[in-house]
Number of protein chains: 2
Amino acid sequence: MRKSPAFTRAEPDARRASLIEAAARVLARDGVAGTSVRAIALEAGVSPGLVNHYFAGIDALVAETYAHVEARVAEAIDAALDVAGTDPRARLDAFVTASFAPPVASGELLATWIAFWSLVRSRPEIARQHDEQYAAFRARLEALLGDCGLPSARQRHAAIAITALIDGLWLELCLSPHAFTAAEAGEIARFALDALL
Amino acid sequence: MRKSPAFTRAEPDARRASLIEAAARVLARDGVAGTSVRAIALEAGVSPGLVNHYFAGIDALVAETYAHVEARVAEAIDAALDVAGTDPRARLDAFVTASFAPPVASGELLATWIAFWSLVRSRPEIARQHDEQYAAFRARLEALLGDCGLPSARQRHAAIAITALIDGLWLELCLSPHAFTAAEAGEIARFALDALL
DNA sequence: GCGCTTGTTATACGAATGTCCAACAAGCAA
DNA sequence: TTGCTTGTTGGACATTCGTATAACAAGCGC
C-alpha cells in the first residue's frame, strides 16, 4: 500500500490565492478578533509557517485580502451594470442597487473592511493602497455620472457625494440591518441621483 | 521624612472616567493594535489590575469609551448649534460644518470608532448600544430637518440620507485627509440639504 | 492615634499571538 | 531509479495578551 502524500505542492500563485480566500472566510466568520495566522492556516488546510512564507506578515495578508474582496465587489457591480444595458441612467441605478444587495452589502464583508481600515493610519503603504482603491471607485462613478450628462465641472463633487452616501448607507446596513432596509437605501440613493442630474 | 503615598484613592466615578479617558488617548495615539489593558493602565498611571476592577473586560471598556467619545462629539455639535443662533437652516448648516471640523473629524477619533465597530457583529449588547446611539444621532437630525419645514413624511428618509452622507464623508476625511478637504465636505453636505429642503 | 474598609498594587497564570528555522518530503529532471 | 530543488511542515521561541488573586496600604470613622 502506497503511503498517501502528507501534503501537496501547489503553484505559488494558486497557493497565495487560496490563503487570501481563507483569510477572507475567517474574517467573515470570526471577525477581526478571531483572525490570526494560525486560524487562517487552519482554514486553508495548511501549516502556520506557510503564511509567512508567502506574505511579509499578517498585515500584508490582510491588505491583500482587502484588495481581493474589493475586486470581487467591483466584479459584482460590473455584472449588474451589464444586466442594466446601455442606458446611462439605468446603469447608474444598477450601480447603487447592487451596492446594497448581497454579496456587496453583507455583514460578512464588514470585518475585512474594518481590519483594513485599522491599518491605514499607521502604515503608509496601506494608506497609499486605500487612496488608490478609493480613487478608482470614485473615478468609475464619475464616468457613469458623465455618461448621464453631468457637466465635468460638477463631476468631482457629485462623485464624492454619491460615494460617501453609498459608503454611509452600506456601513450602516452592515452594522445594523434593522435600522432600514436595502430597498430603502436604494430609494434614497436613487433620489439623490435624481436631484443631482 | 514622611514617605510619599504609593498611590491615591479616587472616587469610583472619577477613577472610571480617568480610565475611559486614558483608553481614548491610547486609541487615538496607538490605534486599535496598540490598545491593551496594560497600555491603558500605563496611560492612566495605574496598575493593570485596576482595569478589571472597574470594567467587566476590555470590550466593555472600549464600548464605554465609544459612548464617552460620542458624547463629546455631540457636545461639540451642540456648541456649534448654539453659536448658529435660532434660524433653523443656519443651525442645520452648523451641524454639518461642525461634523467635518476638529475635534469631530479627526483621524484620532477613528480608532475608537473602528474598535467599537469590530465588536458590533459578535456582541449583541454592543449591537444594541450601536443601534441606540445611531437612532439618537438620526433623531436629532430629524428634529432639525423638521424645524426647517420638511414634512414629517419625508423626515425619516432625509435623516437616513444626511446621516449616511455625513458618515461617509467623515470616514473618508479621517482615512485619507488629502482626497478632499473639510471645506469641500461641508459644501457637498450643504448642497444636499439645499436639494432636500 | 487606632482599626477597618476597600481601593489599589504586584504578580502569577495559562493561553494565544507573530515570527522564525531546521528538517522533511513531494515531485520534477536526469 | 536516483538526485535535487524547494514547497511545506511542525514545533520552538520570545512576547504579549486578558484575567484572577492574595497582599498591601490609604484614609475615613471612631
Side-chain angles (χ1 to χ4, degrees), chain A residues 1-23 26-27 29-65 111 115-116 118-119 122-123 126, chain B residues 1-23 26-27 29-65 111 115-116 118-119 122-123 126:
Chain A
M1 172 179 168
R2 180 188 303 264
K3 189 172 71 178
S4 71
F7 61 90
T8 58
R9 297 193 170 205
E11 286 288 311
D13 288 348
R15 186 65 87 185
R16 283 179 66 88
S18 84
L19 285 170
I20 287 171
E21 280 159 18
V26 172
L27 280 163
R29 176 173 15 97
D30 303 327
V32 179
T35 298
S36 65
V37 170
R38 283 169 177 79
I40 293 167
L42 180 67
E43 174 70 26
V46 130
S47 91
L50 203 59
V51 172
N52 277 300
H53 185 261
Y54 279 103
F55 300 93
I58 181 79
D59 292 353
L61 175 51
V62 167
E64 294 211 37
T65 302
F116 182 75
S118 72
L119 302 175
S122 53
R123 302 295 187 97
I126 289 182
Chain B
M1 170 181 168
R2 179 189 302 265
K3 189 171 72 177
S4 70
F7 61 90
T8 58
R9 295 194 172 207
E11 285 289 310
D13 288 348
R15 185 66 87 185
R16 282 180 66 88
S18 84
L19 285 170
I20 288 171
E21 281 159 18
V26 172
L27 280 162
R29 175 172 17 96
D30 303 328
V32 180
T35 299
S36 66
V37 170
R38 285 168 176 80
I40 293 167
L42 181 66
E43 174 70 26
V46 131
S47 91
L50 202 59
V51 173
N52 277 301
H53 185 262
Y54 279 103
F55 300 93
I58 180 79
D59 292 354
L61 175 51
V62 167
E64 293 212 37
T65 302
F116 181 76
S118 72
L119 302 175
S122 53
R123 303 294 188 96
I126 289 182

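Atom set for the values below is all heavy atoms of this structure, side chains included, hydrogens, waters and symmetry mates excluded. The structure presented is a predicted model; accordingly, all values stated were derived computationally and were not measured. Quick note on labels: first sequence line is chain A, next is B, and so on, each numbered from 1.
- The nearest pair of heavy atoms linking A:V51 to A:A41 is CG2-CB, 4.2 Å.
- With DNA chain C read from its 5' end, the first of the two nearest nucleotides for B:Y54 and A:D59 is the one closest to B:Y54.
- Here the P atom of nucleotide D:dA22 and the NE2 atom of B:H53 are 14 Å apart, to the nearest Å.
- Atom C1' of nucleotide C:dT19 and atom CG of A:L61 are separated by 14 Å, given to the nearest angstrom.
- Distances shorter than 4.0 Å separate some side-chain N or O of A:R15 from OP1 or OP2 on D:dT8.
- Within residues 34-42 of chain B, the residues that place at least one heavy atom under 4.0 Å from DNA chain C are, in residue-number order, B:R38.
- Picking from D:dT9, D:dG7, C:dA10 the nucleotide with the shortest atom distance to the side chain of A:R9 gives D:dG7.
- In the set C:dG7, D:dT19, C:dA25, the nucleotide with an atom closest to the side chain of B:N52 is D:dT19.
- The CD atom of A:E43 lies 10.5 Å from the CG atom of A:L27; values are rounded to the nearest 0.5 Å.
- A:F116 and A:V62 get closest at one heavy-atom pair: N-CG1, 4.1 Å.
- Rounding to the nearest 0.5 Å gives a distance of 12.5 Å between CZ of B:R15 and CG of B:D13.
- Regarding A:L50, its CG atom lies at a distance of 14 Å from the P atom of C:dT19, rounded to whole Å.
- In terms of position on DNA chain D, the residue among A:G45 and B:G57 whose nearest nucleotide sits closer to the 5' end is A:G45.
- Residue B:T8 has its side chain nearest to D:dG27 when only D:dG27, D:dG10, D:dT8 are considered.
- Atom OG of A:S122 and atom CZ of B:R29 lie 13.5 Å apart (nearest 0.5 Å).
- In this structure, A:R16 and A:E64 have side chains that are in contact, with non-hydrogen atoms separated by less than 4.5 Å.
- Between the P atom of C:dT8 and the CZ atom of B:R16 lies a distance of 13 Å, rounded to the nearest Å.
- Put simply, CD1 on A:I58 is 14 Å from P on C:dC20, counting in whole angstrom units.
- Of the options A:I40, A:T35, A:N52, a side chain to side chain contact (heavy atoms under 4.5 Å, CB included) to A:L61 is made by A:I40 and by none of the others.
- Atom C1' of nucleotide C:dG7 and atom CG of B:L19 are separated by 12 Å, given to the nearest angstrom.
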